[in-house]
Amino acid sequence: MVHPGVWLILSSSFVLSHAAAALIDAAKIPPGAVSIPPLSFAVLGQNATFRQNGFVQQFNPTNTTPPFFQIFHSDFLDILGPKATVRTIAVNNTFASGFAFEAPFFNAPTNEIFFASSVFVPESSFTHSNRISKINMTLVEKALAANVANINIPFETLSLPETVQITNGATGPFEGSFVLATRGRGNLPSALVLLNPNAPNNATVLLDNFFGRQFDSMNDLKIHPSGNIFFTDDSLGFISDQKPAPLLPSQVYMFDPESGLVRMVADNFVIPNGIAFSPDGKIAYIGDSAGVTNQTLPSTVYAYDVDSKTFAFNNRRVFVYIDSGGPDGIQVDSKGNVYVASGDGVQIFRKDGVLLGKIFIGSNVANMAFAGDGKLIVLANTRIFLAQIDAKSGLTTQ
């Protein structure tokens with residue numbers, strides 16, 4: 001949907017209300033995008049119908065059918081490019097509660113994207129784990145080239161060892177393999193697990209305790225340019241009736257795979273969730289998704305300065321508050337823009353916190369990952385989407 005004419009939007013420096021106005025030529029807006037200038041909804045009026053619940057009601061003032069791109073700022077056009085598209089590439093409704101939910105990672109040598117099914121009951125529980133599957137992006141590319149109307153790429157589910165229990169996060173590659181953050185289940189410990197993407201998919205546990213105490217339920221993780229692995233640990237395993245009551249605070253940790261050292265680097269969270277670093281590793285982003293239990297609690301991404309020697313997270317400040325759902329998986333592109341999985345899709349922010357736009361899916365998205373330059377894979381429970389945009393990953397690999 002393209003709006004004719006020229007839109008007046010805000011070109012923000014740091015605070016939108018003090019920004020200079022900028023013009024967007026409608027011809028530069030991709031066909032699958034809608035421009036929504038912030039001034040167009042700054043005042044809705046006394047008799048307007050306001051959103052009462054940020055987790056049930058979404059912000060789609062143009063009533064455009066998803067998936068599509070919402071443009072809130074002109075800088076989003078640089079990310080999208082002139083030919084941006086977003087479309088479904090895989091659909092499956094047979095899993096108990098979502099076949100493509102968390103832990104996406106891209107294995108470039110085989111051109112495959114891996115992902116985990118739902119981490120919630122009934123797909124994951126006190127007595128059984130979720131599943132990791134994969135699809136071949138070469139098949140996606142062939143379908144796109146052939147202009148297939150309804151793409152539904154087949155998936156393959158892996159057979160993994162018992163040491164992999166409820167996978168919630170993934171990143172890499174790390175020395176040719178990928179690192180998983182697993183919740184564990186029952187009395188089985190939460191753990192960082194090194195997974196070989198090639199059959200028979202050998203798995204090696206890297207860390208499963210904090211000086212003899214079990215972690216609560218590891219959520220997400222990223223590799224820092226230093227080679228250290230940072231991960232979040234929350235109480236969602238207990239809340240979801242998969243784990244016993246927490247024995248540690250909900251915190252963020254650093255693990256040095258060379259020495260085995262593990263240390264806490266940030267606290268004061270309710271439910272720490274997604275994690276990411278700026279491309280140079282100097283800034284860390286942590287999402288607190290406590291709002292999923294009560295919408296007056298944080299649905300906030302915080303930014304930190306990473307100490308170059310101790311790797312402690314300092315100078316905590318609010319980066320963004322998510323208007324729909326809570327922040328889940330976080331990715332950063334090569335220019336430092338921050339992508340946050342949320343209740344309506346993927347929200348994309350400039351590195352100063354300005355909301356540039358959304359990949360509006362119309363349903364909850366738990367995570368996303370780049371599968372090569374210009375290809376962002378978006379996981380939406382029963383569906384997988386491909387957003388083709390002019391951006392590439394800023395992820396650190398080893």
Side-chain angles (χ1 to χ4, degrees), residues 3 6-25 28-30 33-44 51 54 58-62 68-81 84 86 274-280 282-288 291 298-305 315-361 365 368 376 378 387 389-394:
H3 288 257
V6 177
W7 287 104
L8 177 66
I9 72 169
L10 294 177
S11 177
S12 174
S13 54
F14 187 80
V15 181
L16 286 173
S17 61
H18 293 161
L23 294 175
I24 289 183
D25 186 342
K28 294 183 179 180
I29 299 176
V34 175
S35 178
I36 308 175
L39 279 178
S40 69
F41 59 86
V43 177
L44 297 180
R51 296 166 66 196
Q58 299 169 345
F59 185 68
N60 184 9
T62 60
F68 68 102
F69 301 105
Q70 290 181 335
I71 302 173
F72 295 104
H73 192 284
S74 58
D75 285 357
F76 197 35
L77 294 175
D78 295 331
I79 294 173
L80 294 180
V86 55
I275 180 172
F277 293 101
S278 60
D280 61 8
K282 293 182 178 180
I283 300 175
Y285 301 98
I286 304 291
D288 191 331
S299 289
T300 307
V301 178
Y302 298 96
Y304 299 80
D305 297 328
N315 188 27
R316 169 176 163 141
R317 66 266 190 195
V318 170
F319 178 65
V320 295
Y321 175 79
I322 301 299
D323 77 280
S324 182
D328 206 318
I330 305 175
Q331 301 289 349
V332 176
D333 69 22
S334 60
K335 296 183 178 179
N337 299 303
V338 181
Y339 298 58
V340 182
S342 65
D344 56 9
V346 179
Q347 302 192 8
I348 303 174
F349 300 85
R350 206 167 58 190
K351 55 187 176 182
D352 59 0
V354 171
L355 176 62
L356 300 180
K358 299 181 181 181
I359 304 173
F360 193 91
I361 300 299
V365 168
M368 86 300 297
L376 185 72
V378 179
I389 57 179
D390 277 1
K392 59 183 179 180
S393 177

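Note that these values count all heavy atoms, side chains included, but never hydrogens, waters or copies made by symmetry.
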Determine whether a donor-acceptor pair (N or O, by modelled atom type, separation under 3.5 Å) exists between the side chain of Thr300 and the backbone of Asp288. no
Hey, what do you get for CG (Asp78) to NZ (Lys28), rounding to the nearest 0.5 Å? 9.0 Å
Hey, does the side chain of Gln58 reach the backbone of Gly343 with a donor-acceptor pair shorter than 3.5 angstrom? yes
Tell me if the centroids of the rings in Phe68 and Phe360 come within less than 6.0 Å of each other. yes
Hey, could you give me the OG1/CD distance between Thr62 and Gln70, rounded to the nearest 0.5 Å? 6.5 Å
Pair Ile29, Ile71 - check side-chain contact (heavy atoms from CB on, under 4.5 Å), show working. CA-CA 9 Å; Ile29 299 176; Ile71 302 173; 3.8 Å; yes
Are the side chains of Ile330 and Val338 in touch, meaning some heavy atoms are under 4.5 Å apart? yes
Sequence neighbours excluded, the answer for side chain to side chain contact (heavy atoms under 4.5 Å, CB included) partners of Val320 is Val301, Ile322, Phe349
Just jot down the ring pair (Phe, Tyr, Trp, His ring centres under 6.0 Å) partners of Phe277, sequence neighbours excluded, or say none. His224, Phe230
For Asp390, which residues count as a side chain to side chain contact (heavy atoms under 4.5 Å, CB included) partner, sequence neighbours excluded? Pro82
Salt-bridge present (Asp305, Lys282; N to O < 4.0 Å): no
Does anything in residues 320-347 form a salt bridge (Lys or Arg N to Asp or Glu O under 4.0 Å)? List the pairs, not counting sequence neighbours. Arg51-Asp323, Asp323-Lys358, Asp344-Lys358
Sequence neighbours excluded, the answer for side chain to side chain contact (heavy atoms under 4.5 Å, CB included) partners of Phe41 is Ile36, Pro38, Leu44, Phe59, Phe72
Side chain proximity check, Val354 to His73, heavy atoms < 4.5 angstrom: yes
Mind checking ring pair (Phe, Tyr, Trp, His ring centres under 6.0 Å) for Tyr339 and listing every partner two or more places apart, or none if nothing turns up? Phe370
Would you please indicate if the ring centroids of Tyr302 and Tyr285 are separated by under 6.0 Å? no
Ile389 side chain near Val86 side chain, heavy-atom distance below 4.5 Å: no
